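From a predicted model like this one, the values you see are computed outputs, not experimental measurements.
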Amino acid sequence: MKVLVLGSGVIGVTTAYFLSEAGHEVTVLDRQDGPALETSFANAGEVSPGYSSPWAGPSVPVKALKWLTMKHGPLVLKPTLDWRMYAWMLKMLRNCTEARYALNKSRMVPIAEYSRDVLKDLRSRTNIAYDERMQGTLQLFRTQKQLDGIGGDIEVLKQTGVPYEVLDPEGCIAVEPGLENSRGKFSGGLRLPGDETGDCHMFTEQLAEIAEAAGVKFEYGVTVTGIETSGGKITAVNTDAGKRTADSYVMALGSYSPIWMRRLGQPIPVYPVKGYSITVPILDASRAPESTIMDDTYKIAITRLGDRIRVGGTAEISGYNLNLNDARRDTLVHSVTDLFPGAGDFDKLTFWTGQRPMTPDGPPIVGTSKYANLYLNTGHGTLGWTMACGSARVLADIMSGRKPDIDASPLGPQRYAA
């Protein structure tokens, strides 16, 4: 069938690729001049199924109060007049129970693990390269109290069969030699050796080229202006370049998906949570990270991407804005220079921000809608890069009338109807 995919971030491009591979005629629309130029552009670079957990956890309400008062806190709240912000926050708080946390995590881990496997298969079949590394993720704890509190996380890892290692400071330095230069500033770590890293923008660009060579049509610089419906179906998408029609449509517009879904009469609880990153050229490779380090105190990821260091973090709830905040940059610089002093050339850093499309419960929204020919692939939050290939493959299977390799029914928007 003829499919129109709205959005060319990592979610939209992977969806287009797998739909094309399934034999469909695919066109992708995006308002930007190329793929992955918004939220997928400069994220932290982690492909981390082991850290696929909801933000909404039992301890989060208390921790959030502390984070809001920290100079380099991981959470920033900037009140706006948008009542949807407060409705989304209330829904998130309602998910901060033991039972809901366990349920939501059980929905996230399978799609994340599956996605990593799909990415591995894709890499072997296409030889796609994107500064990828398969050296795991190290969650670094600056205090003994943090290290002592990981028992619950370890139980979940055991239950889901995710390999892990609990390391003392010497063990942390053994896997990340650059930490030798900050010895004494951390008490230990939790390492997930199965996690990967890579440049999401580079991956998406190359996959778009592969998809285009296979027949996918990309229309860049095209803005959606309206969506027409009739008889329970989408009949056309209006754009500033004219009307586009297809047999089926995919909503993969990230944080802008809920705007269009409201207009279509099916609201979805997705809200933008702003994240920031800096990218720094490596000055001394011996002092730089080998893979990804999660600085647990500041909730910041420090990742090696080729000859660069990517530092990403902060959850800023401030509505739809892309203003760069110098205080957020200073937090990222503080974390990386404290743990990896002398590793990067900070006179040449680049500073970026993007809007993560977050659901209040954690899992993405992947599946059918109230319209017979409209499908959703959105709401991945901080895990879009981690879950992209799996979500795309699942949706392509659903749209092709095939049974997906995993049970994706808990990811559908129908879970919010109850």
Side-chain angles (χ1 to χ4, degrees), residues 10 13-14 36 40-52 112-140 157 162-165 167 171-182 189-207 210 275 277-296 300-313 332 335-336 339-340 342-345 349-350 352 382-390:
V10 68
V13 171
T14 51
S40 301
F41 182 70
N43 61 28
E46 302 166 83
V47 177
S48 300
Y51 287 108
S52 296
E113 293 281 341
Y114 176 62
S115 187
R116 183 188 56 203
D117 293 342
V118 175
L119 174 59
K120 286 181 179 178
D121 177 66
L122 175 65
R123 194 166 56 232
S124 68
R125 289 188 293 108
T126 65
N127 294 318
I128 190 170
Y130 46 93
D131 280 342
E132 71 278 5
R133 289 183 173 226
M134 294 79 189
Q135 294 172 247
T137 298
L138 176 64
Q139 187 174 4
L140 199 67
L157 293 174
V162 177
Y164 71 91
E165 300 171 322
L167 304 176
C172 293
I173 293 171
V175 296
E176 286 289 351
L179 290 173
E180 173 67 42
N181 301 293
S182 57
L190 176 63
R191 181 170 181 260
L192 303 184
D195 284 2
E196 303 180 5
T197 60
D199 188 320
C200 181
H201 175 243
M202 187 184 298
F203 169 86
T204 310
E205 272 195 324
Q206 293 193 21
L207 190 62
I210 293 169
S277 77
I278 57 172
T279 305
V280 185
I282 292 175
L283 270 181
D284 186 340
S286 69
R287 290 176 169 267
E290 289 295 321
S291 186
T292 290
I293 291 82
M294 291 287 297
D295 186 345
D296 191 71
I300 285 172
I302 304 168
T303 302
R304 173 78 163 265
L305 295 176
D307 59 358
R308 301 158 294 149
I309 302 172
R310 173 72 51 75
V311 189
L332 301 174
S335 175
V336 66
L339 293 175
F340 296 96
D345 185 352
L349 73 78
T350 56
W352 172 88
T382 59
L383 297 167
W385 181 203
T386 294
M387 296 182 173
C389 289

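With values rounded to the nearest 0.5 angstrom, Asn127 atom CG is found 11.0 Å from Arg125 atom CZ. Taking OG from Ser52 and CE from Met387, the interatomic distance works out to 4.5 Å, rounded to the nearest 0.5 Å. Rounded to the nearest 0.5 angstrom, Ile278 CD1 and Leu349 CG are separated by 5.5 Å. To the nearest 0.5 Å, atom CG of residue Asp307 and atom CG of residue Leu283 are 11.0 Å apart. Atom CD of Glu46 and atom CD1 of Ile302 lie 10.5 Å apart (nearest 0.5 Å). Of the inter-residue distances, the one linking Asn181 atom CG with Asp284 atom CG reads 8.0 Å to the nearest 0.5 angstrom.
Remark: the backbone N or O of Ala129 is paired with a side-chain donor or acceptor of Gln206 at under 3.5 angstrom. In this structure, the side chain of Thr303 engages the main chain of Ala44 through a donor-acceptor pair within 3.5 Å. For Ser291 (side chain) and Gly136 (main-chain N/O), a donor-acceptor pair under 3.5 Å exists by modelled atom type. In this structure, the side chain of Thr14 does not engage the main chain of Cys389 through any donor-acceptor pair within 3.5 Å.
Remark: Thr279 engages Arg310 in a side chain to side chain donor-acceptor pair (under 3.5 Å) (not counting sequence neighbours). With sequence neighbours left out, the ring pair (Phe, Tyr, Trp, His ring centres under 6.0 Å) criterion links Tyr130 to Phe203, Trp385.
Listed here is the closest heavy atom pair of Leu138 and Cys172: CD2-CB, 4.0 Å. Across all non-hydrogen atoms, the minimal contact from Leu339 to Leu179 is O-CD2, 3.9 Å. For the pair Gly306 and Arg304, the tightest heavy-atom approach, listed with the atom from each and the gap, is O-NE, 3.0 Å. Between Pro49 and Ala112 the shortest heavy-atom distance is CG-O, 3.6 Å. Annotation for Glu132 and Ile128: closest pair OE2-O, 4.3 Å, computed over non-hydrogen atoms. Taking all atoms of both residues into account, the shortest heavy-atom contact from Phe41 to His201 is O-CB, 3.2 Å.
Between Glu113 and Val162, the closest side-chain pair of non-hydrogen atoms falls below 4.5 Å. Counting heavy atoms from C-beta outward, Val280 and Val336 have side chains that stay 4.5 Å or more apart.
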Side chain to side chain contact (heavy atoms under 4.5 Å, CB included) between Asn43 and Val10, worked out: CA-CA 11 Å; Asn43 61 28; Val10 68; 5.9 Å; no
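For the salt bridge (Lys or Arg N to Asp or Glu O under 4.0 Å) with Glu196, the lone residue among Arg116, Arg123, Arg133 that qualifies is Arg123. In summary, of the residues considered (Ile309, Leu305, Asp345), a side chain to side chain contact (heavy atoms under 4.5 Å, CB included) with Ile282 occurs for Ile309 alone.
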